[in-house]
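One-based numbering, in listed order, for ligands and for the atoms of each.
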Amino acid sequence: MKDIKDLKVLIDSKKLNERIVALADEINSHYGENEPLTLICILRGAVMFFTELSKHLKMPVKMEFVTLSSYGNSEKSTGKVKAVNLAIPDLENQKALIVEDIIDTGLTLDFLLKFIKTNCKVKDVKLAVLFDKKCARKFDIEPDFSAFEIDDKFIVGFGLDYNGFYRNLDYIGYFE
Ligand code: 5GP
């Protein structure tokens, strides 16, 4: 078990929240205020980003939740997506925005995007991420909205865990 005393701050709470408000503005400008948008939260990592972002969106919003996992209890992707709950309703003629904590290899989002396009009759689906680890990408997929680009370090906090812990931190940290 890593010790929280060894955790270094990468992004503090103020900077995180300011950037999320700015990203919400970008999303508001893109979609406008009139047409409804279904937000799809990938549990559990995106939970903090999802709630914070949604507070600043101006269009009518619905919330859906899926549970996916590709990391298990390690700091590296297992290379396989485990779909624990994929119960997304019919999104016929609707616009959807997938909200994810971090895109790393791109495996998880590639999987979910294909699943939604194939099964949910969606009119339009886009991706919003809090972090983009571009340098680790293995799948041909790019987020439409991204708050921060980071290099290849393992981060925790604000929904992101190590072994199930640290999700509750209001800042982003990393272990050296
Ligand atoms: P991908 O499928 O793009 O390789 O990985 C996405 C998932 O891996 C994220 O939803 C997240 O759960 C996990 N992940 C990737 N990088 C990190 C990281 O730096 N820290 C933590 N805590 N999880 C990560």
Should [X] and [Y] count as an ion pair when the cut-off is N to O under 4.0 Å?
X	Y	answer
K121	D90	yes
K134	D151	no
D161	R167	yes
R19	E52	no

Polar contact flag for [X] and ligand 1 (N/O pairs, less than 3.5 Å):
X	result
G106	yes
Y162	no
F154	no

Interfacing atoms of ligand 1 (cut-off 4.0 Å, heavy-atom, T108) |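 Matching atoms, with element in brackets: 1 (P), 2 (O), 5 (O), 6 (C).
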Per-atom contacts of ligand 1 with K133, taking only distances under 4.0 Å to non-hydrogen atoms |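 Reading through ligand 1 atom by atom, the close ones are 16 (N), 17 (C), 18 (C), 19 (O).
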What do we get for I42 next to ligand 1 when only non-hydrogen atoms under 4.0 Å count, side chain, backbone, both or neither?
->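 I42 to ligand 1: no contact under 4.0 Å from either part.
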May I ask whether K153 has any heavy atom positioned less than 4.0 angstrom from an atom of ligand 1?
->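 The answer is yes: ligand 1 sits under 4.0 Å from a heavy atom of K153.
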Has K138 got any heavy atom lying under 4.0 angstrom from an atom of ligand 1?
->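 So K138 does not count as touching ligand 1.
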Is any side-chain heavy atom of L113 less than 4.5 Å from a side-chain heavy atom of I98?
->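 Touching, per the 4.5 Å side-chain cut-off.
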Quick one: is the NZ or CZ of K153 closer than 6.0 Å to the six-membered ring centre of Y174, and within 45° of its axis?
->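 Here K153 passes the 6.0 Å and 45° test against Y174.
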